[in-house]
2 protein chains.
Amino acid sequence: MEAIVRIEELRSKLKAARRNKANAEGEVRVGFMPTLGYMHEGHMSLIRQARRECDIVVVSIFVNPLQFGPTEDFDKYPRDNERDLSLAEGAGADYVFLPSVTEMYPAPTKTTVVVKELTDTLCGASRPGHFDGVATVVTKLFNIVQPDRAYFGMKDAQQVAVIEQFTRDLNIPVQIVRCETLREPDGLAMSSRNVYLNEDERKQALVLSKSLSQAESWMAEPDMTVGKLELNIRRMIESAPLAVIDYVTILTYPGLEPVTGVQPFNGEQPILVALAVKFGKTRLIDNRIFFS
Amino acid sequence: MEAIVRIEELRSKLKAARRNKANAEGEVRVGFMPTLGYMHEGHMSLIRQARRECDIVVVSIFVNPLQFGPTEDFDKYPRDNERDLSLAEGAGADYVFLPSVTEMYPAPTKTTVVVKELTDTLCGASRPGHFDGVATVVTKLFNIVQPDRAYFGMKDAQQVAVIEQFTRDLNIPVQIVRCETLREPDGLAMSSRNVYLNEDERKQALVLSKSLSQAESWMAEPDMTVGKLELNIRRMIESAPLAVIDYVTILTYPGLEPVTGVQPFNGEQPILVALAVKFGKTRLIDNRIFFS
């Protein structure tokens with residue numbers, strides 16, 4: 001495995017690797033997984049999937065300042081490049097790209113990839129500008145790596161919807177692969193931010209995954225409405241004294257539109273139940289997508 | 001030469017052509033020229049240049065609704081695909097891509113490539129949203145064609161600056177080639193919109209190129225200022241009774257920033273003198289870039 005910090009070096013290494021690994025028809029499949037680093041088992045499972053499905057596996061580690069708000073945790077976002085490199089190698093990556101902020105933004109960028117509508121809700125409403133930053137950096141990384149397949153975890157379900165949208169709208173020739181959220185044995189969704197939680201917060205954070213499991217039973221009740229389901233989930237989360245709800249939102253997926261109709265959970269559209277809740281200073285997200 | 005209307009067909013034809021034309025090192029150079037069609041000698045000279053410099057030459061013809069304002073000439077923009085195809089073939093194109101609006105926008109796009117600052121001035125100020133439409137469709141076309149070099153005429157100097165900017169900001173692996181404006185024997189810059197001009201307008205429109213030539217002499221005067229130069233040009237254009245000035249603007253190029261300093265035309269920055277003037281219903285643009 002090689003760790004590479006310069007864009008031009010990565011491009012030329014990938015060009016050579018593509019030539020070496022191409023089959024008789026000249027075809028080669030490049031898998032890519034952009035990360036903010038501080039990897040956990042969730043990241044590793046995506047790298048392993050890319051390894052199984054692709055000839056060349058590229059992982060990027062870049063804490064992108066553009067997607068953090070001025071009051072957010074850009075500076076204190078956890079970083080551990082050495083550990084990440086050894087985890088990525090263990091999971092089967094061929095190249096890890098770790099650019100500096102100056103390498104990615106040699107001058108302040110004047111260009112933004114803006115995705116409307118999908119970004120007005122959920123984390124987009126709580127974190128203005130966040131998805132502009134995500135869409136812009138992922139477009140840049142796609143242009144640098146030029147992958148055939150890119151792997152994203154469904155814990156950030158809205159992020160996946162946004163990336164699928166701009167990829168399609170801009171005709172970027174990459175297939176977006178949705179990967180299931182990995183969870184700790186007790187159900188907590190894996191996240192680099194889990195390290196921020198103290199013991200009490202960690203215990204109470206379980207209410208997120210539990211309320212999502214409970215949601216499945218509630219949705220099966222004959223006269224359940226969107227409003228009632230949301231209220232039930234809110235009440236269950238609020239039973240954890242440290243929980244401060246940012247949002248509990250129920251939308252169609254991947255369109256992220258309001259769920260309507262008299263039997264709202266019996267339609268053809270997959271239903272996203274998405275949560276963002278603060279425990280102390282740590283904001284956690286979780287979600288599930290239900291198919292009728 | 002082949003005319004192709006579907007994105008997937010173009011991709012697969014180009015994939016095969018790349019393989020066929022690659023040299024021993026697997027290298028092949030694709031040249032691309034996006035147009036709105038209704039070609040004139042200016043387009044042809046770009047296609048010929050691409051033919052000289054590249055192994056595969058792709059031309060697109062697409063009148064992009066996104067870059068026309070609601071009161072602009074999208075519907076009546078001149079179109080003549082048959083003539084264009086024969087001109088493109090004559091100039092050496094291998095593939096002409098003529099997608100329908102539905103092929104390019106199967107659903108209303110939620111994604112926009114936004115370039116700030118550079119687009120606040122000149123045609124960006126007169127045509128709100130125009131450069132969002134240009135940046136978005138050119139990004140799409142670059143992702144579809146994946147050219148190594150793309151050719152743009154300098155008559156749209158601001159467009160070239162915008163395209164260079166987002167290409168660099170988004171790390172799109174394409175080299176933007178600036179191509180000199182072609183002119184009629186009497187000096188009028190070639191434009192598809194010139195066909196709109198009646199005889200009087202056509203004659204009076206010559207004041208544009210003449211005032212740009214005159215600007216060069218004025219700039220050489222020892223105490224010439226930006227304000228004085230602009231005024232001189234305005235007066236000269238207004239001497240044509242049918243001319244209605246949209247803008248006469250002097251900026252650095254390609255930064256499109258105000259020209260400052262006591263000897264403003266003796267700096268290191270190239271200076272853009274840009275004009276947009278209506279003759280009857282037809283809005284014409286012209287410009288020159290001066291190097292000290």
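Proteins get letters first, then strands, A, B, ... in listed order; numbering begins at 1 in each.
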(message) Among A/Val115, A/Val137, A/Val114, A/Leu118, which residue has the highest count of heavy-atom pairs closer than 4.5 Å to chain B?
(response) A/Val114
Chain A to chain B donor-acceptor contacts, backbone plus side chain, under 3.5 Å:
from     : atom 1 : to       : atom 2 : distance (Å)
A/Arg11  : NH2    : B/Asn171 : O      : 3.4
A/Lys15  : NZ     : B/Glu27  : OE2    : 3.1
A/Arg19  : NE     : B/Glu25  : O      : 3.3
A/Arg19  : NH1    : B/Glu25  : O      : 2.9
A/Arg19  : NH2    : B/Glu25  : O      : 3.2
A/Glu25  : O      : B/Arg19  : NE     : 3.3
A/Glu25  : O      : B/Arg19  : NH1    : 3.0
A/Glu25  : O      : B/Arg19  : NH2    : 3.1
A/Glu27  : OE2    : B/Lys15  : NZ     : 3.1
A/Thr109 : OG1    : B/Asp169 : OD2    : 3.4
A/Lys110 : N      : B/Asp169 : OD2    : 2.9
A/Lys110 : O      : B/Lys116 : N      : 2.8
A/Thr111 : N      : B/Asp169 : OD2    : 3.1
A/Thr111 : OG1    : B/Asp169 : OD2    : 2.8
A/Thr112 : N      : B/Val114 : O      : 2.8
A/Thr112 : O      : B/Val114 : N      : 2.8
A/Val114 : N      : B/Thr112 : O      : 2.9
A/Val114 : O      : B/Thr112 : N      : 2.8
A/Lys116 : N      : B/Lys110 : O      : 2.8
A/Lys140 : NZ     : B/Asp169 : O      : 2.7
A/Lys140 : NZ     : B/Asn171 : OD1    : 2.8
A/Asn143 : ND2    : B/Leu170 : O      : 2.8
A/Asp169 : O      : B/Lys140 : NZ     : 2.7
A/Asp169 : OD2    : B/Thr109 : OG1    : 3.4
A/Asp169 : OD2    : B/Lys110 : N      : 2.9
A/Asp169 : OD2    : B/Thr111 : N      : 3.1
A/Asp169 : OD2    : B/Thr111 : OG1    : 2.8
A/Leu170 : O      : B/Asn143 : ND2    : 2.8
A/Asn171 : O      : B/Arg11  : NH2    : 3.3
A/Asn171 : OD1    : B/Lys140 : NZ     : 2.8

(message) List the residues meeting ring-ring contact (aromatic ring centres under 6.0 Å, His included) with A/Phe74, not counting sequence neighbours, and say none if there are none.
(response) A/Phe68
(request) Against chain A, work out which of B/Val162, B/Ile7, B/Val113, B/Leu170 has the most heavy-atom pairs shorter than 4.5 Å and name it. (result) B/Leu170
